[in-house]
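Reviewing the structure listed below.
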Amino acid sequence: MTPAERWVDEVARTTRPERVVWCDGSEEESRRLVDGMVADGTLLRLHPTAAPGSTLHRSHPSDVARTEHLTFIASRDKRDAGPTNNWMAPSEARARVGPLFEGVMKGRTMYVVPYVMGPLGSPFSRVGIEVTDSPYVAANMRLMTRMGEPARRQLGASESFVPGLHSTGDLSPERRYIVHFPEERLIWSVGSGYGGNALLGKKCFALRIAGALARDEGWMAEHMLILELELPGGEIHYIAAAFPSACGKTNLAMMVSPFERVGYKVRTVGDDIAWLRPGTDGRLWAVNPEAGFFGVVPGTGPDTNPNAMATISHDTIFTNVAVTSDGIPWWEGKEKSAPPGLIDWQGKPWDGRSKAAHPNARFTAAARQCPSMSARWEDPQGVPLSAIVFGGRRARLAPLVFESRDWEHGVFVGATMGSETTAAATGQVGVVRRDPMAMLPFCGYNMGDYFAHWLKMGRTLSRPPRIFHVNWFRTGHDGRFIWPGFGENLRVLMWMIDRVKGVAAGADAPIGVVPTPDALNVDGLGLGRGDLERLLTVDRDEWAAEVPEMRAFFDRFGDRLPPELSRALESLSRQVVTARV
Ligand code: SAT
Ligand code: MN
């Protein structure tokens, strides 16, 4: 028996499934899985010509988003989980969560899903094995990862894999736990079938467990999209960007260049997760460990994201969207008006007042279906980054874009990010929370140590990417977004690349370098001078008011906060406060 077979055997002895199926990832197997789920009502087959090969899954209404309060880091020492994670002692996890797995798969099929995160054959790739009693999870993993035979071949008889045990249990939030054991590189998840809780390759492995591996091995696991920007003449730059969940990462990664005809081309490398490594050339190299997209459906339409629309036009698993009586999927933002006779995400006739699709309804689709994929999206060496972008959703405060002064200052900018919350996690929507590097829910160890790791990585890079901050969501006095967003965001990326090349103007502000109004190309956008000013303004009073909140957040880390960051905060504080008198 291989180490993998031994572990699976052990799991089966605890969970006692009726049968065990090792997934091979084949078409035939996928057909069998889907047919079974259609037969038992787990999936609804969608319209054969309007949505060929696609299905709809309606989840339990209490299982529609990540549940951060039920997500735990079970490190031996509580301080290693840090103040921003829920901690559970490993012994307590075994006593409290372990029993929930006993006999949990009785009468069910246990699917063994071997998978690779990262391009096949890449030195950066890692193998995971997810054991699950959910065929929906197995089908999603097939789209999101390189799953089945190729993974088994890559693993061979090695014991170097991340085991993940998942059961939907009884779907009760009272018995729902997502537990990570960073020292053992092990994941346990019970009581949920939702993406980020149940597709263990994604947030659990590729961010939380991989983050701990990366800290120990000298690389980084980040909540970032990766895009390719080609300039007129053919020069190519890669940009990675971190925004909190449901803040437009997929839209930015799949953006359509409004300047394609004059030679600015945008291509997609990844939309959610980036694994970053220093190269021998002193640059930072990025791979997308995923093979598919698990994107927010509402708001996705032909105007906002035509590449996503093409991607999900077939062979897609939809979760919690609405549907017409003949099986055409529908959601808010797909088109102007809703077709008659719509059935909402819970399977009831739509009343026309509530949301037809759940605000966190999702699509799962293979990346190869996306027309904008870069030719290098599966490059085993990854792609070299010219820029890293942090961003949040802030109605006020942060200007459209600014550049940090250097890597260390960029780490400060990432560490103090704040954003208004969205529907991707359960809880109140629209309140500002600090979300460093968009990693607050995904950092698998003490975030103070994570900041220190960022600083350390910068010291190993002789040609580090420049670090920027953007805010597409600033509103005017009428409460409406000032910046048009979507494809027009390219104009901001163009300023960044011009900064990288040393040809774009910027003005020094206390928070970093902000474009001068003429440095940003806003031709044809119909923005008034006042709009542009408001977009680029750094309001010192607003920033001065933000400083105590940043300080309170930093204080939570005590002596695990790198001194560089407190110094950067005091420097910001001095500048915005003195400037007020
Ligand atoms: O956590 S998920 O992967 O389900 C979605 C997200 O929050 O980014
Ligand atoms: Mn995400």
Side-chain angles (χ1 to χ4, degrees), residues 57 59-60 62-71 115 117 128 130 132 134 136-137 140-141 143-145 164 166 168 176 178 180 187 189 191-211 221-227 240-254 268-275 288-300 308 317-321 358-365 367 389-393 417 419-427 429 433 435-444:
H57 173 68
S59 75
H60 191 280
S62 72
D63 190 28
V64 293
R66 279 182 293 104
T67 36
E68 293 176 5
H69 59 294
L70 304 173
T71 302
Y115 62 95
M117 298 309 286
E130 174 162 1
T132 176
S134 162
Y136 164 81
V137 165
N140 274 272
M141 287 295 283
L143 299 177
M144 294 305 298
T145 69
H166 171 255
T168 48
R176 181 178 299 163
I178 299 98
H180 307 71
I187 307 156
S189 168
S192 169
Y194 172 75
N197 292 338
L199 309 180
L200 302 185
K202 200 173 178 54
K203 310 298 192 190
C204 300
F205 178 177
L207 290 176
R208 299 193 191 98
I209 296 291
E222 299 297 329
H223 191 205
M224 291 177 179
L225 67 91
I226 310 163
L227 68 77
F243 308 124
S245 302
C247 285
K249 285 212 304 296
T250 305
N251 286 346
L252 187 64
M254 297 184 188
T268 311
V269 177
D271 83 324
D272 195 41
I273 298 177
W275 283 358
N288 168 15
E290 302 190 280
F293 304 114
F294 184 68
V296 180
V297 189
T300 305
I317 303 174
F318 289 93
T319 301
N320 295 338
V321 296
H358 188 276
N360 195 37
R362 295 275 168 162
F363 59 75
T364 318
V389 182
F390 294 124
R393 179 184 282 269
M417 261 168 72
S419 191
E420 288 145 25
T421 50
T422 68
T426 52
V429 168
R433 77 166 179 184
D435 190 352
M437 284 82 172
M439 282 290 280
L440 183 75
F442 307 122
C443 184

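Note that these values count all heavy atoms, side chains included, but never hydrogens, waters or copies made by symmetry. Every number for a ligand or one of its atoms is a count from 1 in the order of the listing.
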One should read off an interatomic distance between Trp275 CH2 and Met117 CE, to the nearest 0.5 angstrom, of 6.0 Å
Does a side chain donor of either Arg66 or Ser245 reach within less than 3.5 Å of an acceptor in the other side chain? yes
Got an N, O or S from Lys203 under 2.8 Å of the Mn ion (ligand 2)? yes
Near Ser245 (heavy-atom distance under 4.0 Å), the atoms of ligand 1 are 6 (C), 7 (O), 8 (O)
Under 4.0 Å from one or more heavy atoms of Arg66, ligand 1 contributes atoms 1 (O), 2 (S), 6 (C), 7 (O)
Note: ligand 1 atoms sitting under 4.0 Å from heavy atoms of Arg362 are 5 (C), 6 (C)
Between Pro244 and the options His223, Lys249, Met417, the side-chain contact (heavy atoms from CB on, under 4.5 Å) test singles out Met417
For His223, the N, O or S atom at the shortest distance from the Mn ion (ligand 2) is NE2
Practice task
Would you check the N or O atoms of Tyr194, main chain and side chain alike, for any that come under 3.5 Å of an N or O of ligand 1?
Solution key: yes
Is there any N or O on Gly196 that sits under 3.5 Å from an N or O of ligand 1?
yes
For Lys202, the atoms of ligand 1 under 4.0 Å from one of its heavy atoms are 3 (O)
Atom 2 (S) of ligand 1 has as its nearest protein heavy atom Lys203 CE, 3.5 Å
When rounded to the nearest 0.5 Å, the distance separating CG of Asn140 from CD1 of Ile317 is 4.0 Å
Of all the N, O or S atoms in Asp272, the one nearest to the Mn ion (ligand 2) is OD1
The ring pair (Phe, Tyr, Trp, His ring centres under 6.0 Å) partner of His57 among Tyr194, Phe318, Phe363, Tyr136 is Tyr136
Subject >> Trace of the side chain to side chain donor-acceptor pair (under 3.5 Å) decision for Ser189 with Asn197 >> reply: CA-CA 7 Å; Ser189 168; Asn197 292 338; over 6 Å; no
So CD of Glu68 and OG1 of Thr426: to nearest 0.5 Å the spacing works out to 7.0 Å
